[in-house]
2 protein chains.
Amino acid sequence: MDEIDQTIVNLLRTDGRTSYAELARRVGLTAPSVQDRVTKLEKNGIITGYKAVVDSETIGLGITALIGIIPDNSADHLDICERLRAIPQIESCYFLAGVECYQLKVRVPKMGDLETLIHRVGAIPGVAQTRTTITLSTKWEDRPQPVPPEQAGP
Amino acid sequence: MDEIDQTIVNLLRTDGRTSYAELARRVGLTAPSVQDRVTKLEKNGIITGYKAVVDSETIGLGITALIGIIPDNSADHLDICERLRAIPQIESCYFLAGVECYQLKVRVPKMGDLETLIHRVGAIPGVAQTRTTITLSTKWEDRPQPVPPEQAGP
DNA sequence: TCAACGGGTGGACGAGATCGACCAGACCAT
DNA sequence: ATGGTCTGGTCGATCTCGTCCACCCGTTGA
């Protein structure tokens, strides 16, 4: 993970479809060696995939909400996690340090779908309470910040 | 935005580097017509970009936190938003319906950086209070859900 | 009926991806 | 020093892919 790798990662994070030839031009290497580096970055789990970014509203997922979950004492977190994962509308799921020990980011087409979803989450065993907040607008999302310089080892 | 477009979008959301030739095979068209469709999807703002997905921890952004912002009455939201946007560590920013009218998702290398960041956000004019929650683990993030079927028009 | 049009196909050509062979420097044990 | 090995690069050949253009075919509307 040298400086060239960082540049490659930064380029791919802002445009995931950049060709190897183009990357090669940017970093001053040849295409095969860049391809080799990218393959290694993927193998080492640094690059875990590529995604098209889609405007949620225009594809009919106009409503975004954040749902906090407060568990009860008997909560089986493996089970909760598994059941949450089975709900496709939950796009992100964070395990938090706090009373609300999960936060979900969900997207649905209509308010009725959100209501259904909240009931479904609330019905999961171990979930004592949920707290939902509607997002009025997404200012921005998943903006890639540059890879920080490698910190010196111990 | 017919069924074929939906398939293309779903494929590109799960693998943004799928070639046109491969997409063509999947949807049963030829490469040029698929390319044409993708270009139109991009022009119409349905596909807004492509990103490599990177494992934050391995690139040195091991700490993820959620910061809620409670504004004071004098808050100038355009100004707040602009100042927040200038902070690179803020990867996402949602405007919420609630007391905490913004929620930020931030990533930093070390705890010290988070402290600095919280102070910086707290110092923005119009920000009365912040509430930070550390994420202990990210169960999953930005999982693409399939494009919902086009709802019937009015 | 005919022209225009949107959306598709097929072919041609240049650019890109990919593979193998080869090369240079770093490192290590002899 | 010397030779072996390893890593990471280049070069060149080949095959695929992207991209442009001409053409086709069903629909629409005058």
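The structure presented is a predicted model; accordingly, all values stated were derived computationally and were not measured. So you know, we letter chains A, B, ... as the sequences are listed, proteins then strands, and number each from 1.
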Using heavy-atom distances to pick each residue's nearest nucleotide on DNA chain C, tell me which of Ala31(A) and Ile4(B) is more 5'. Ile4(B)
With the side chain counted from C-beta on, respond yes when Val127(A) and Thr130(A) share a heavy-atom pair under 4.5 Å apart, and no when they do not. yes
Mind checking who shares a hydrophobic cluster with Tyr94(A), ILVMFWY linked at side-chain heavy-atom distances under 4.5 Å? Leu96(A), Leu66(B)
Hey, quick one: are Trp140(A) and Ile47(B) part of the same hydrophobic cluster, counting side-chain heavy atoms closer than 4.5 Å, chains of contacts allowed? no
Non-neighbouring partners of Arg131(B) that pass salt bridge (Lys or Arg N to Asp or Glu O under 4.0 Å), sequence neighbours left out: Glu100(B)
Expected list for residues 27-37 of chain A: side-chain donor-acceptor pairs under 3.5 angstrom, two or more places apart:
| from | atom 1 | to | atom 2 | distance (Å) |
| --- | --- | --- | --- | --- |
| Thr30(A) | OG1 | Ser33(A) | OG | 3.3 |
| Ser33(A) | OG | Thr30(A) | O | 2.9 |
| Asp36(A) | OD2 | Lys40(A) | NZ | 3.2 |
| Arg37(A) | NH1 | Asp2(A) | OD1 | 2.9 |
| Arg37(A) | NH1 | Asp2(A) | OD2 | 3.4 |
| Arg37(A) | NH1 | Asp5(A) | OD1 | 2.9 |
| Arg37(A) | NH2 | Asp2(A) | OD2 | 3.2 |

Can you list the residues that meet the side chain to side chain donor-acceptor pair (under 3.5 Å) rule with Asp55(B), with sequence neighbours excluded? Thr58(B)
Say whether Ile67(B) and Ile134(B) are linked into one hydrophobic cluster, either directly or through other cluster members, by side-chain heavy-atom distances under 4.5 angstrom. yes
In residues 23-30 of chain B, which ones come under 4.0 Å of DNA chain D, going by heavy atoms? Arg25(B)
What are the 5'-most and 3'-most nucleotides of DNA chain D lying under 4.0 Å from any heavy atom of chain B? dC17(D) to dC20(D)
Please evaluate residues Glu141(B) and Lys105(B) with respect to the criterion side-chain contact (heavy atoms from CB on, under 4.5 Å), reporting the C-alpha separation (whole Å), side-chain torsions for both, the decisive distance (0.1 Å), and the verdict. CA-CA 12 Å; Glu141(B) 210 170 16; Lys105(B) 189 184 79 188; 2.9 Å; yes
Figure out the CG/C1' separation between Asp2(B) and dG6(C), and round it to whole Å. 13 Å
Please enumerate all protein N or O atoms sitting under 3.5 Å from an N or O of nucleotides 21-26 of chain C, with distances to 0.1 Å.
none

Tell me, which pairs form a ring-ring contact (aromatic ring centres under 6.0 Å, His included) where one or both residues lie in residues 103-139 of chain B, sequence neighbours left out? none
Applying ring-ring contact (aromatic ring centres under 6.0 Å, His included) as the test, list every pair that has at least one member in residues 41-67 of chain B; sequence neighbours left out. none
State which residues pass side-chain contact (heavy atoms from CB on, under 4.5 Å) with Thr116(A); sequence neighbours excluded, sorted by chain then number. none
Roughly how far, to the nearest 0.5 Å, is the CD1 atom of Ile69(A) from the SG atom of Cys101(A)? 7.5 Å
Which parts of residues 35-54 of chain A get close to DNA chain D, meaning a heavy atom less than 4.0 angstrom away? Arg37(A), Lys40(A)
Which residues satisfy the side-chain contact (heavy atoms from CB on, under 4.5 Å) test with Ser137(A), sequence neighbours excluded? Lys139(A), Phe95(B)
